[in-house]
Amino acid sequence: MNLLSEYTLWRSLAQAIKVKIAAMNTVDIYQDLNEKQREAVMAPPLPLLVLAGAGSGKTRVLVHRIAYLLGEGGISPHSLLAVTFTNKAAAEMRNRLGQLLDFSVSALWVGTFHGLAHRLLRIHWREANLPESFQILDSDDQRRLVKRVIRDLQLDDTRWPAAQSQYFINGQKETGKRPGQVNDDGDPSKRQLVQIYSAYEATCQQRGVVDFAELLLRAFELLRDNATLLAHYQERFRHILVDEFQDTNTLQYDWLRLLAGNQGVLTVVGDDDQSIYGWRGGRADHLQRFLRDYPNASVVRLEQNYRSTATILAAANHLIRGNPDRMGKDLWTDLGSGDPIRLYVGYNEIDEANFVIDRIKNHVSEGLARQEMAVLYRSNAQSRVLEEALIASGIPYRVYGGLRFFERAEIKDALAYLRLIRHREDDASFERVVNVPTRGIGARTVDQVRQLAREQGISLWQAAASFVATDSGRAGKAMRVFLELVQGLAREVVERPLDEQVSLMLTRSGLTEFYAKDSSERGESRAENLEELINAVRAFRPESEELSPIDTFLAHAALEAGEAQGTAWEDCVQLMTLHAAKGLEFPIVFLTGLEEGLFPHQRALGGGEGLEEERRLAYVGITRAMRTLYLSYAEKRRLHGSETYGMASRFVGELPGELIEEIRPRIKVSRPLLAARPNVSRPNASTSTKFSGHWLGQRVQHAHFGAGVITAFEGDGPQSRVQVNFERAGSKWLVLSYARLEAASV
DNA sequence: TGTACCCAGGTTTTT
DNA sequence: CCTGGGTACA
């Protein structure tokens with residue numbers, strides 16, 4: 001669709017919307033908003049920052065503001081752009097807009113940063129210096145390509161792991177830097193990374209592929225370097241609304257500023273206290289930067305919380321005050337104070353898990369649905385023990401995360417065939433499926449073809465063709481079979497509907513049979529997934545007429561990886577990481593593994609920034625709970641095969657003590673360690689009889705070194721020594737009779 | 001071509 | 001401890 005005809009379409013749509021909105025009782029849709037929400041919704045068309053606390057009705061405000069702008073504001077839907085981070089959030093916004101406005105919102109520019117960037121690049125592929133049907137690399141594709149590049153540069157790939165280089169490249173792109181703009185500070189390894197970046201970029205350009213970060217960077221450069229286009233879009237998008245603003249990276253921020261120009265009005269909604277994606281470029285300080293860059297901006301704070309009890313909010317507020325440089329915000333509620341926060345100190349991670357199970361059972365017997373309970377943890381590895389305990393007690397559960405549908409190997413294989421059928425020059429896809437299912441094309445053959453391609457500067461496909469022409473041996477024959485397969489498919493597939501194309505490809509390539517033969521559970525699930533792919537294709541409704549259906553589908557697969565779990569919504573206990581829990585809420589929340597080193601994570605200690613983000617993560621976790629919050633940690637935990645003795649997370653100590661009720665109160669009286677003899681079980685030892693570690697794991701207090709934990713024990717009597725891992729001073733051996741250690745509780 | 005073993009590495013995740 | 005990737009061998 002060209003821009004002019006799109007514009008005409010918009011004018012008629014705008015007309016229709018005005019009629020609709022005028023017909024609505026406008027008082028009606030705003031009367032349920034609280035005062036602050038209304039203030040945000042009805043703010044004049046000037047830069048606006050909505051500081052939206054957890055559970056304060058953020059999406060509601062965003063959606064109502066759009067309605068307000070379209071109605072009272074009298075702006076055209078054509079001039080509106082709404083940006084989110086996830087497809088889920090975009091879909092949600094669409095949905096709620098649809099409910100509120102009662103018209104088809106499918107034509108509105110509501111989407112993710114990446115989706116919108118992609119749309120711009122598809123329209124302006126020429127100006128962006130991309131081939132018309134450029135393909136999108138997902139992270140996995142990108143890592144493979146980086147790895148390929150590293151090998152081609154003859155670098156040792158153990159010294160230069162692809163994942164690290166990938167991280168580096170994305171980091172540079174996220175700050176808007178091309179290889180030439182990266183300062184290597186005279187650091188040789190950084191120089192090497194820049195070289196990898198540079199070679200990777202050249203390969204991408206040559207192959208006509210873009211990774212996620214590249215979508216953003218290209219879209220930014222497209223506008224920056226093209227005055228006409230910039231003027232056009234600045235003229236068009238007068239109202240830009242951004243969700244989860246604290247998660248924007250530098251490039252996204254710059255893109256928004258560029259697009260808004262001097263005329264555009266930005267409404268940004270976010271919460272600096274919930275910025276937990278700093279490690280992937282998100283910047284909590286963009287909220288403050290926004291206020292500096294737009295001095296005429298107003299700020300509305302949404303602090304009334306509709307989710308949690310006063311107790312939970314008090315704990316959250318108190319904890320987050322430990323962070324410096326906040327915008328500042330205190331959540332409050334009309335609801336009562338409710339249950340105290342319950343703390344359980346497990347003897348080990350199994351004990352901790354059993355506690356969780358025990359409580360879940362209690363709540364179930366009280367009549368709560370299992371899906372109303374969530375068990376949160378810092379890292380995925382922690383889920384295993386919990387899962388084992390859940391299985392053992394027969395409680396259905398669901399773990400969030402894991403591989404998404406379009407990320408599964410068998411699906412990616414199928415997509416690679418589709419790409420190859422469409423674009424014979426797609427080297428990555430060629431490499432992926434040339435021998436999948438196995439058809440006698442070994443690594444040696446592929447190497448030869450690759451060599452040929454490099455020497456002559458041609459694609460793998462072309463190189464394979466000339467290889468077939470010269471090699472009459474077994475390898476040549478096998479390769480010929482492959483080439484003919486793809487070519488044959490390409491011929492047969494034209495003019496057929498998309499689902500038939502896919503179905504045909506799956507059979508002819510042998511993928512279906514390959515997985516069907518595998519009777520293992522894994523093979524069965526893969527065969528099912530391929531079946532599901534045909535369904536996905538059948539259900540797919542391409543939105544754009546610009547691209548062929550197949551290209552549209554491929555782009556969709558890359559940009560929207562789909563759900564991880566296909567299973568239906570049984571009544572399951574919800575297990576997920578703290579990150580995955582953001583944006584969700586549950587009546588009952590278990591925050592587990594609250595140990596120093598685990599949460600806050602070891603790798604986040606060191607510098608201050610990392611710790612602040614961990615604290616925000618804890619804040620996010622606490623504010624997920626509506627009614628009851630449980631905190632737990634284990635004194636001893638098996639991690640990476642060895643036992644570790646952790647101390648209570650500092651975050652537990654940072655909560656107001658009066659809000660917390662210890663479920664199994666430990667003895668709080670300090671007593672000299674010498675008074676106790678090894679081998680005597682502690683008076684407050686758990687019911688478990690497995691405890692045999694003398695005083696290992698005992699928390700102690702030292703006059704000089706502060707708090708620590710005993711990690712080793714040596715000798716007997718007054719000469720005996722203990723190794724103590726101090727919170728601040730590190731690990732030390734101390735002679736018990738000299739060091740006046742005191743046993744300490746939490 | 002498939003599998004048996006060795007080794008490193010093990011925060012968080014969307015697009 | 002457990003996983004995934006890579007290499008060595010039958």
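These numbers come from the heavy atoms of this one structure, side chains and all, not from hydrogens, waters or symmetry mates. Letters A, B, ... are given to chains in the order of the sequence lines, protein chains preceding strands, and every chain is numbered from 1.
- Taking the side chain as every heavy atom from C-beta outward, A/Leu418 and A/Leu554 approach each other to under 4.5 Å.
- Cation-pi geometry between A/Arg616 and A/Tyr619 is not met at under 6.0 angstrom from the ring centre and within 45 degrees of the axis.
- Looking only at side-chain heavy atoms (C-beta outward), A/Phe482 and A/Phe430 come within less than 4.5 Å of each other.
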Reading DNA chain B 5' to 3', how would its secondary structure be written in dot-bracket notation, given Watson-Crick and G-U pairs with both distances under 3.5 Å, brackets [ ] for crossing pairs and | for partners on other strands? ||||||||||.....

I'd like to compare against my own output: the B/S/- annotation of nucleotides 10-15 of chain B with a strict under-4.0 Å heavy-atom distance to protein. BBBBBB

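- The pair A/Lys412-A/Asp141 counts as a salt bridge, with a side-chain nitrogen and a carboxylate oxygen less than 4.0 angstrom apart.
- With salt bridges taken as basic N to acidic carboxylate O contacts below 4.0 Å, none links A/Arg207 and A/Asp426.
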For nucleotides 1-7 of chain B, give me every protein contact, N/O to N/O, under 3.5 Å, one pair per line with atom names.
residue	atom	partner	partner atom	Å
B/dT1	OP1	A/Gly440	N	2.9
B/dG2	OP1	A/Thr438	OG1	3.4

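- C/dG5 and B/dT12 are spaced 23 Å apart, taking the C1' atom of each and rounding to whole Å.
- Each salt bridge (Lys or Arg N to Asp or Glu O under 4.0 Å) pair with one or both residues in residues 435-444 of chain A, not counting sequence neighbours, would appear here, but there are none.
- By the 4.5 Å heavy-atom criterion applied to side chains, A/Phe85 and A/His114 are not counted as neighbours.
- As rounded to the nearest Å, B/dT13 and C/dG4 have P atoms that lie 16 Å from one another.
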Could you walk me through whether A/Asp243 and A/Lys58 pass salt bridge (Lys or Arg N to Asp or Glu O under 4.0 Å), step by step? CA-CA 9 Å; A/Asp243 191 19; A/Lys58 174 194 72 164; 3.3 Å; yes

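- The shortest distance between side-chain heavy atoms of A/Val209 and A/Leu145 falls below 4.5 Å.
- Between A/Glu352 and A/Asn348 the shortest side-chain heavy-atom distance does not fall below 4.5 Å.
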Classify every nucleotide of nucleotides 3-10 of chain C by which part a protein heavy atom approaches to under 4.0 Å, writing B for the base, S for the sugar-phosphate alone and - for neither, in 5'-to-3' order. --SS----

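- Taking the side chain as every heavy atom from C-beta outward, A/Arg637 and A/Glu595 approach each other to under 4.5 Å.
- Remark: A/Glu614 pairs with A/Arg378, A/Phe599, A/Pro600, A/His601, A/Ala604, A/Phe651 by the side chain to side chain contact (heavy atoms under 4.5 Å, CB included) rule, at least two apart or across chains.
- Within the 4.5 Å cutoff, side-chain heavy atoms of A/Arg432 are placed close to those of A/Arg144.
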